[in-house]
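In what follows, a single structure is set out as structure tokens and then discussed.
All of these numbers come straight from a predicted model, not from anything done at the bench. A, B, ... follow the sequence lines: proteins, then strands. Residue 1 opens every chain.
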Number of protein chains: 4
Amino acid sequence: MTAASTPKGERRRQALVAAAAQLLAEGGFEAVRHRAVAERAGLPLASTTYYFSSLNDLISAAVEHESRQELAIGRARLNELAELPRSTDAVIELMLDLLLGTGSRDGGAEPVLLRYERLVGSPRRPYLAPLMRELGAELHDLLAEIFARSGMEVSRDRLLELIALVDGAVVNALIESDPDPRGAARRMLRSQLG
Amino acid sequence: MTAASTPKGERRRQALVAAAAQLLAEGGFEAVRHRAVAERAGLPLASTTYYFSSLNDLISAAVEHESRQELAIGRARLNELAELPRSTDAVIELMLDLLLGTGSRDGGAEPVLLRYERLVGSPRRPYLAPLMRELGAELHDLLAEIFARSGMEVSRDRLLELIALVDGAVVNALIESDPDPRGAARRMLRSQLG
Amino acid sequence: MTAASTPKGERRRQALVAAAAQLLAEGGFEAVRHRAVAERAGLPLASTTYYFSSLNDLISAAVEHESRQELAIGRARLNELAELPRSTDAVIELMLDLLLGTGSRDGGAEPVLLRYERLVGSPRRPYLAPLMRELGAELHDLLAEIFARSGMEVSRDRLLELIALVDGAVVNALIESDPDPRGAARRMLRSQLG
Amino acid sequence: MTAASTPKGERRRQALVAAAAQLLAEGGFEAVRHRAVAERAGLPLASTTYYFSSLNDLISAAVEHESRQELAIGRARLNELAELPRSTDAVIELMLDLLLGTGSRDGGAEPVLLRYERLVGSPRRPYLAPLMRELGAELHDLLAEIFARSGMEVSRDRLLELIALVDGAVVNALIESDPDPRGAARRMLRSQLG
DNA sequence: TATGAATGAGTCTTCATTCAT
DNA sequence: GATGAATGAAGACTCATTCAT
């Protein structure tokens with residue numbers, strides 16, 4: 001089915017999801033409100049409850065939308081590279097792009113927050129957990145492939161360790177007065193992989 | 001001054017802080033509302049704004065109360081031990097108790113959530129950051145002391161790495177269907193320290 | 001469109017505006033509160049914010065409603081008169097009716113207060129100023145027409161002077177123990193026009 | 001009794017009155033609140049209800065304080081002048097200073113608002129009327145003296161007319177987008193007195 | 001004589017959700 | 001299928017006033 005022939009309903013649904021995803025990125029879970037989503041999408045307020053039986057549904061869809069998109073971008077970048085860089089530093093940057101988003105290159109806490117708000121938000125939003133799990137698995141696969149194609153031997157456990165190192169570094173950097181979570185994660189990765 | 005002679009005002013203030021801390025632990029930041037705190041404390045609604053000029057003030061106080069209490073308990077335990085265990089495993093458990101709370105021994109996500117919600121919540125609640133920084137520093141000192149007294153040579157950077165490893169392990173474990181964040185962190189620490 | 005076929009929403013909106021206008025007349029700006037308006041209109045509290053995005057919006061609507069109605073009545077009266085009275089006294093009364101409202105004929109401060117609370121209230125309620133300006137201009141036109149059709153030569157500046165005289169007389173009469181603002185204004189107009 | 005020997009209670013009372021007068025000038029009647037007054041005066045909140053049985057009492061005192069001070073300043077200026085200016089323009093400026101306050105020389109609506117908020121506020125605050133009446137009478141006397149000593153023959157009715165002209169001009173100027181109430185009043189006075 | 005403590009009532013505004021059309 | 005209309009419940013916060021000390 002081409003984009004042009006996407007049924008109107010589906011297109012509107014997508015517009016709402018995209019709007020919710022934007023708001024989620026900008027203001028966290030709290031910012032995703034019926035009103036705000038509808039306004040951002042340029043659709044009637046009631047469309048939010050028409051297409052999604054509850055706000056949680058909408059949030060789920062937004063999280064999934066965002067995450068899949070991030071993964072797709074990551075995978076696309078990977079596919080574009082005929083040959084993967086073999087320098088440790090280049091692999092590290094790739095890993096950081098994947099885990100923290102390319103937005104994290106600019107520094108600051110905000111571009112990085114998404115992943116961690118979702119992870120930490122999951123226990124209180126059980127409907128998010130399965131989704132996060134699935135997306136996490138795909139992310140792991142992607143990262144595993146990177147290491148493999150880069151010629152770096154890394155066991156699954158070792159990979160989980162490296163991911164944890166990045167996530168822990170970030171989470172701790174978040175409270176710095178001038179946070180540079182990506183820098184913190186980079187330092188730790190280098191120390192472990194160097 | 002004994003508890004019995006604590007001025008009434010101070011006692012009420014503490015009751016509100018305790019109620020807010022409970023709610024925070026049970027339901028996250030969202031759960032800390034004027035109404036909820038007042039009801040939990042058995043005090044009139046207006047007392048919440050009488051003792052705290054804003055909800056953020058109250059939340060700050062609750063976070064500080066909780067964190068200082070955790071730290072105090074940790075430090076007390078440390079002081080009780082004339083001699084620190086020299087086994088790696090014992091040190092690991094001590095570290096996990098300190099970082100995740102002794103409640104984490106029972107497993108499950110909830111008892112562990114507090115630390116991570118506060119860390120990840122700080123960027124969107126700038127008033128928390130200084131407090132979190134201060135408490136973080138004290139926690140680091142405590143951990144450094146543990147390693148020192150246990151005869152394990154650990155540099156400051158290495159310590160930060162270990163903390164990151166724990167935090168990253170936890171954050172990733174949070175989305176498991178049967179989450180055991182402490183177990184995950186333990187495994188990683190063992191792999192690094194073993 | 002007849003009254004009967006006025007859409008329900010518009011009718012409710014009007015009910016709120018009317019309620020607000022009543023309260024404004026009875027108790028000044030301070031009396032226009034969400035609760036009071038809703039109760040007066042016999043509608044739910046939330047309807048006030050549903051139809052008006054803020055209380056200022058509602059107040060604006062009420063002021064506009066009242067003023068336009070006054071203007072309309074004035075203009076209607078003017079149109080009914082095939083021929084305008086040529087006696088100075090009759091013109092004066094017409095002018096007073098227009099500026100102070102026909103309610104001012106009964107004496108007392110209250111029926112006259114509206115115009116002056118709005119004028120004096122505008123600097124602290126900037127959202128009112130444009131509206132007041134527009135209504136003021138229409139009022140001037142109406143008064144100019146009266147003088148013209150009555151055969152009394154009155155320049156624009158002279159008209160503004162007469163209006164000021166009335167307003168000043170009223171404002172000063174407001175503090176009398178037995179205020180007769182209309183009478184005070186009448187005396188001054190007679191002295192100037194006689 | 002010298003200032004130094006003023007009993008503490010009286011001094012505090014005066015501090016509250018002065019604080020209330022300031023707030024009244026800055027923000028109108030609405031701005032005079034127990035809390036705000038106490039803070040401005042640097043006194044405990046409860047002192048406001050201790051020294052004044054109600055907020056209206058405090059407002060009355062503030063209005064009286066302000067008005068008497070204005071009058072005193074006006075009279076002092078008059079007494080300083082051995083000989084009064086005989087030019088019409090100079091008399092006009094003197095009159096405007098007295099009616100609108102010297103602050104009105106700078107232009108803008110705010111410095112002028114005080115007199116008109118008090119006049120228009122009186123009908124809804126009956127406790128203000130006697131005070132305003134008394135002050136008004138003194139103001140008239142002062143203005144009468146000015147005209148007399150300037151050699152300008154002005155009957156009592158004529159004086160009231162001129163005052164009304166000023167007040168009316170001001171009240172109408174208040175809604176201009178770039179209000180110059182003093183200028184408007186000046187123009188009208190010149191046209192009548194020229 | 002003062003005042004810290006306290007609070008019931010009320011302020012404006014937001015929001016998720018329902019429902020009639 | 002779609003949505004304008006509607007609202008009860010709750011949100012944070014303010015305030016005049018009372019009262020015990």
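OP1 and OP2 of F/dT14 both lie 4.0 Å or more from every side-chain N or O belonging to D/Arg33.
Comparing B/Ser54 and A/Arg35, the nucleotide of DNA chain F nearest to each residue sits closer to the 5' end for A/Arg35.
Regarding A/Leu55, its CG atom lies at a distance of 10 Å from the C1' atom of E/dC15, rounded to whole Å. For the pair C/Asp57 CG and E/dT14 P, the interatomic distance rounds to 12 Å; values are reported in whole Å. In this entry the distance linking CG of D/Asn56 with P of F/dC15 reads 16 Å, nearest Å. Separating the CZ atom of A/Phe52 from the P atom of E/dT17 is a distance of 14 Å, rounded to the nearest angstrom. Between the OH atom of C/Tyr127 and the C1' atom of E/dC12 there is a distance of 13 Å, rounded to whole Å. Distance, C/Glu30 CD to F/dT14 C1': 14 Å, rounded to whole Å. The separation between A/Arg13 atom CZ and F/dG1 atom P is 13 Å, rounded to whole Å. Following rounding to the nearest Å, D/His34 (NE2) and E/dT3 (C1') show an atom-to-atom distance of 14 Å.
Atom CG of D/Leu135 is separated from atom CZ of D/Arg118 by 7.5 Å, given to the nearest 0.5 angstrom. The structure places CG of D/Leu113 at 4.0 Å from CD of D/Glu117, a figure rounded to the nearest 0.5 Å. To the nearest 0.5 Å, atom CE of residue B/Met132 and atom CZ of residue B/Arg115 are 7.0 Å apart. Between the OG atom of D/Ser60 and the CZ atom of D/Arg125 there is a distance of 10.0 Å, given to the nearest 0.5 Å. Interatomic distance, CG of B/Leu45 versus NE2 of B/His34, reported as 7.5 Å (0.5 Å rounding).
No side-chain heavy atom of D/Val17 sits less than 4.5 Å from a side-chain heavy atom of D/Tyr51.
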Polar-atom pairs under 3.5 Å, protein N or O versus N or O of nucleotides 3-5 of chain F: list them with distances, or write none.
{"from": "F/dT3", "atom 1": "OP1", "to": "A/Arg12", "atom 2": "NH1", "distance (Å)": "3.1"}
{"from": "F/dT3", "atom 1": "OP1", "to": "A/Arg12", "atom 2": "NH2", "distance (Å)": "3.3"}
{"from": "F/dT3", "atom 1": "OP2", "to": "A/Arg12", "atom 2": "NH1", "distance (Å)": "2.5"}

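Remark: the backbone N or O of B/Glu26 is paired with a side-chain donor or acceptor of A/Arg124 at under 3.5 angstrom. When atom types are taken as modelled, the side chain of A/Arg133 and the backbone of B/Ile175 share a donor-acceptor pair closer than 3.5 angstrom.
Taking a pair as Watson-Crick or G-U wobble with both distances under 3.5 Å, DNA chain E forms stems of 3 or more consecutive pairs at E:2-21 with F:2-21.
For the side-chain contact (heavy atoms from CB on, under 4.5 Å) with A/Thr48, the lone residue among A/Leu16, A/Asp57, A/Leu43 that qualifies is A/Leu16.
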